[in-house]
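Reminder, nothing fancy here: chain letters follow the sequence lines and each chain counts from 1.
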Amino acid sequence: MSSYEPHAIERKWQQVWEEAGAFVTPNPEDPASREARNSYVLEMLPYPSGELHMGHVLNYTLGDVVSHVRRRSGWSVLRPMGYDAFGLPAENAAIREGAHPREVTERNIAAIRGQIKRMGWSIDWTREVSTHEPEYYRWTQWIFLKLFEAGLAYRKAAPVKWCPNDQTVLANEQVIDGRCERCGAEVESRNLEQWMFKITDYADRLLDDMALLESWPERVLTMQRNWIGRSEGAEVTFRVEEVDEDVPVFTTRPDTLFGATFFVLAPEHPLVERFAERSPARDELRAYARHAAAKKTEERAAADEKTGVFTGFYAINPVNDAPIPIWVADYVLMDYGTGAIMAVPAHDERDFEFAEKFGLPIMQVVAPADGEAEAGLYVAHSDEEILVNSGPFTGLSSPEAKKAIVESLAGRGLGHAAVNYRLRDWLLSRQRYWGCPIPIIHCEACGIVPVPESELPVLLPEVDDYLPKGRSPLAAAEEWVNVSCPSCGGPALRETDTMDTFVDSSWYFLRYTDPRNDKAPFDRRLVDYWLPVNQYIGGIEHAILHLMYARFFTKALYDLDLLGFREPFARLFNQGMIYRFGAKMSKSKGNVVAPDELVDRYGADALRLYILFMGPADQDKEWQDTGVEGMWRFLSRLWRVVHDELDREPQEPGSTALARKAHETIHKVTDDIERRFVFNTPVAAVMELVNDISRDPADPASRFAVETAVALIQPYAPHIAEELWSALGHSRLWAAPWPVADESLLVRETVELVIQVNGRVRDRLQVAAGSPDEELVALARASERVQAHLSGPERRVVVVPDKLVNFVV
RNA sequence: GCCGGGGUGGCGGAACUGGUAGACGCGCUCGGCUUAAAACCGAGUGUCCGACGCGGACGUGGGGGUUCGAGACCCUCCCCCGGCACCA
């Protein structure tokens with residue numbers, strides 16, 4: 001008898017699938033009819049680093065199991081693959097090697113494509129796209145122009161986060177603890193003209209439309225909510241007579257206005273210099289402001305003690321006309337709210353700390369509903385608080401007072417209700433080579449002029465030097481840069497910045513539906529047919545950036561009437577991280593296990609099986625080096641069991657315990673994958689079935705059980721399953737209907753009855769299913785083991801039919 | 001500090017709706033096969049006690065509670081992982 005040799009089998013079936021177009025899903029002839037059951041299963045596209053890692057293996061195997069089961073259950077499944085190919089790593093590698101980034105990228109793509117194919121994932125390769133190809137980025141540029149026309153892309157001089165190592169600007173989202181997300185260098189602040197997307201216009205919809213999502217992990221929604229950081233309150237104007245200025249502040253607590261005993265400006269606030277000009281203490285003021293502004297936010301936050309300087313000026317509190325001293329302090333941030341605050345030390349921890357340190361007055365204006373105002377800090381924690389010392393508003397509850405005070409201010413033009421967000425606009429300019437060119441021309445006469453649609457794509461020019469120098473390497477391509485203005489024909493310059501790669505990946509899921517369209521980024525009927533994505537799968541690291549940008553793009557395109565849905569991904573699943581020796585697998589830690597080596601040794605099927613068998617797909621878990629070998633042993637056992645079956649004389653099929661076990665396994669595997677979305681326990685269930693088969697190979701149901709095991713393991717281990725399926729005399733398992741459990745066989749004739757005394761198990765009996773309660777109690781009472789514990793008066797008997805009898809004595 | 005996820009044998013984990021804790025796999029032990037080893041096959045494997053073929057006690061991070069019955073529900077505390085954090 002032959003033994004299990006994965007490599008030849010895997011090569012063979014991969015070729016068969018390719019030749020048969022087994023996983024090619026054509027678009028419907030009439031996308032308007034939604035009769036067909038269709039499902040879009042999407043995993044986040046890989047960055048082509050040339051190296052497939054275990055995270056990919058988990059991600060794509062997960063999607064593969066879902067796709068196979070849906071396909072075999074009669075669904076039309078869209079399952080594409082592509083590459084997020086622009087970006088710094090390829091460019092840095094190119095600089096190191098002296099090669100062109102395109103060369104490095106395409107070499108990496110070829111490598112990773114080869115690895116993906118070796119894994120045998122059921123991908124529709126006719127839809128492959130890569131974001132660095134002009135056929136793709138032409139439409140990235142087209143979308144950019146649509147957003148520009150709609151006023152959603154704009155240019156602005158702004159203090160930006162600058163990475164001195166990568167020599168480029170970063171998005172806020174790419175700065176982690178004051179360091180560059182990619183290289184870890186400390187980020188600096190620079191003032192530059194940059195392109196921005198107006199994602200802040202969509203802040204409320206990004207929050208509210210979460211209600212449209214079918215199933216997203218709670219933690220992702222929470223992270224996005226925190227990131228958007230919506231807070232409701234009021235903008236209130238304070239008058240500074242000496243400089244004839246009205247200074248607005250944002251507050252979430254307008255009800256505490258009577259307790260505002262001082263006023264604080266951020267060190268970067270423009271008024272600080274105005275004050276300094278007129279102040280005898282100008283040197284001290286300027287020194288503090290300069291010193292504080294230079295510090296990073298993180299350093300400021302980490303400071304043990306509050307610092308600050310009195311300006312010598314006063315602001316008028318609009319509710320009671322009281323003049324309050326204006327300070328400059330670095331605990332107030334220029335980039336949130338208005339860069340100025342009213343300080344209410346009695347009811348805000350930070351203001352309290354500051355007031356204590358500098359001896360400023362502290363006045364209670366809010367008290368607990370059932371108590372007296374007490375000196376010191378009192379931070380409200382419910383809506384039950386009552387106002388005190390607040391003039392005409394004294395006695396109102398906090399929520400009433402908020403409304404009343406804002407209304408009264410609004411009546412005098414000194415304030416209004418306001419909402420503030422932590423979310424900033426998306427800075428998309430990058431001063432690097434390997435990215436999508438921004439299709440804009442700067443004309444001396446006309447200003448900013450979009451490149452006409454007919455001239456797209458604006459191709460990346462060839463340059464000799466990609467080294468970052470603080471301006472885009474594209475600026476060196478003079479012939480490319482110097483153009484005539486499309487509007488007036490005069491001399492003009494091309495925009496030399498490229499786009500953040502997150503722009504490329506904010507719409508790729510739309511392109512897959514119509515990847516070769518050269519008239520438009522996609523056909524609206526096709527995106528409306530396939531989207532929203534039914535199941536999106538990827539890592540938690542994209543909880544904020546990619547997922548929020550993709551949601552924003554979808555909404556913007558919806559508003560432009562280019563598609564008919566408001567959320568791109570109905571269901572999201574985040575796979576857990578894989579650890580080894582207690583740490584996340586990473587090159588720097590030296591604890592990486594290469595998928596390729598395992599495939600060489602045990603085959604793709606064993607690896608696919610182990611990566612899902614390891615544990616719950618959404619939880620972090622520890623890699624076991626012996627795990628894949630164990631799966632290889634299981635597959636060898638399955639191989640043997642099938643061939644033993646083939647070697648035996650065919651027998652009359654019979655309905656035995658093994659037949660029931662097979663049906664139970666069908667039920668369990670199907671339910672786990674489809675309803676529970678768990679992937680480890682189905683493998684265990686099939687293993688149990690195989691164990692049962694080998695326990696009695698002569699069982700009349702063995703043929704059925706063997707075929708069931710093969711049919712059920714196919715989504716996990718498609719190559720061996722296909723091979724065994726054809727050995728069993730069938731063909732095309734990839735298209736064979738998913739097994740259906742016979743409900744009647746799931747009903748057991750006898751059940752195990754657990755007998756407890758005082759909740760402790762004392763005996764177990766086989767009894768006929770559906771026996772009446774009295775019979776169960778009588779049988780239970782008859783048990784010797786039970787009687788030994790039935791001393792003392794019986795107080796109660798609990799019966800759970802077909803399950804358990806509990807005597808309480 | 002706030003938010004989210006976790007804590008079950010030597011290890012990864014199972015137990016879905018409160019009803020047999022430890023499925024399945026890894027590892028380990030013993031036995032078979034073998035000149036031998038590997039592979040493979042069979043048996044065993046939570047801890048402790050005992051007149052070890054029957055049995056008993058303990059046991060899901062700690063403490064308390066609800067219940068006939070809790071790994072699961074409630075209260076409280078501890079620990080680990082991830083995110084956010086001077087955001088007014």
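Among the protein residues, A:R580 comes within range of no part of the nucleic acid, since none of its heavy atoms lies under 4.0 Å from any strand. Residue contacts for A:S636: at a heavy-atom cut-off of 4.0 Å it reaches no nucleic acid atom on any strand shown. Residue contacts for A:V332: at a heavy-atom cut-off of 4.0 Å it reaches a base atom on one of the strands shown.
Put simply, A:R796 has a side-chain N or O that comes within less than 4.0 Å of OP1 or OP2 on B:C68. Dashed line: the shortest gap from a side-chain N or O of A:R225 to OP1 or OP2 of B:G4 is not under 4.0 Å. At the phosphate of B:A85, OP1 or OP2 sits under 4.0 Å from a side-chain N or O atom of A:R422.
Counting only Watson-Crick or G-U wobble pairs whose defining distances are both under 3.5 Å, the stems of 3 or more consecutive pairs in RNA chain B are B:1-7 with B:78-84, B:10-12 with B:24-26, B:27-32 with B:40-45, B:46-49 with B:55-58, B:61-65 with B:73-77.
A donor and an acceptor atom never sit less than 3.5 Å apart when one is taken from the side chain of A:N226 and the other from the base of B:C84. Side chain A:R675 to base B:C16: a donor-acceptor pair is found below 3.5 Å.
Which of B:C86, B:G19, B:G12 sits closest to the side chain of A:K621 comes down to B:G12. Residue A:R760 has its side chain nearest to B:C58 when only B:G4, B:C58, B:C86 are considered. Here the side chain of A:V808 is nearest to one of B:C81, B:C68, B:G19, namely B:C68. In this structure, of B:A88, B:A85, B:G13, it is B:G13 that holds the atom nearest to the side chain of A:P616. Each of B:C16, B:C68, B:C81 was ranked by its minimum atom distance to the side chain of A:Y579; first place goes to B:C81. With B:G83, B:C3, B:A88 as the candidates, the nucleotide lying closest to the side chain of A:Y336 is B:A88.
Using the six-membered ring where Trp is involved, A:W623 and A:Y610 have ring planes that are perpendicular, over 60° apart on the 30 and 60° scheme. The aromatic rings of A:W639 and A:Y4 sit tilted relative to each other, their planes meeting at an angle between 30° and 60°. Ring geometry for A:F358 against A:W327 counts as tilted: the plane angle lies between 30° and 60°, on a 0 to 90° scale.
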Are A:R633 and A:E629 close enough, and set up right, to give a salt bridge (charged side-chain N to carboxylate O under 4.0 Å, His left out), and what steps lead you there? CA-CA 6 Å; A:R633 269 204 290 267; A:E629 190 181 336; 3.6 Å; yes

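Side-chain atoms of A:Y288 come within 3.5 Å of backbone atoms of A:D330 as a donor-acceptor pair (strictly under, hydrogens ignored).
To the nearest 0.5 angstrom, A:D351 atom CG is 8.0 Å from A:T261 atom OG1.
Between the CD1 atom of A:I540 and the P atom of B:G82 there is a distance of 13 Å, rounded to whole Å.
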How does protein contact run along nucleotides 21-27 of chain B, one letter per nucleotide 5' to 3', with B for base contact, S for sugar-phosphate only, - for none, heavy atoms under 4.0 Å? S-BBBSS

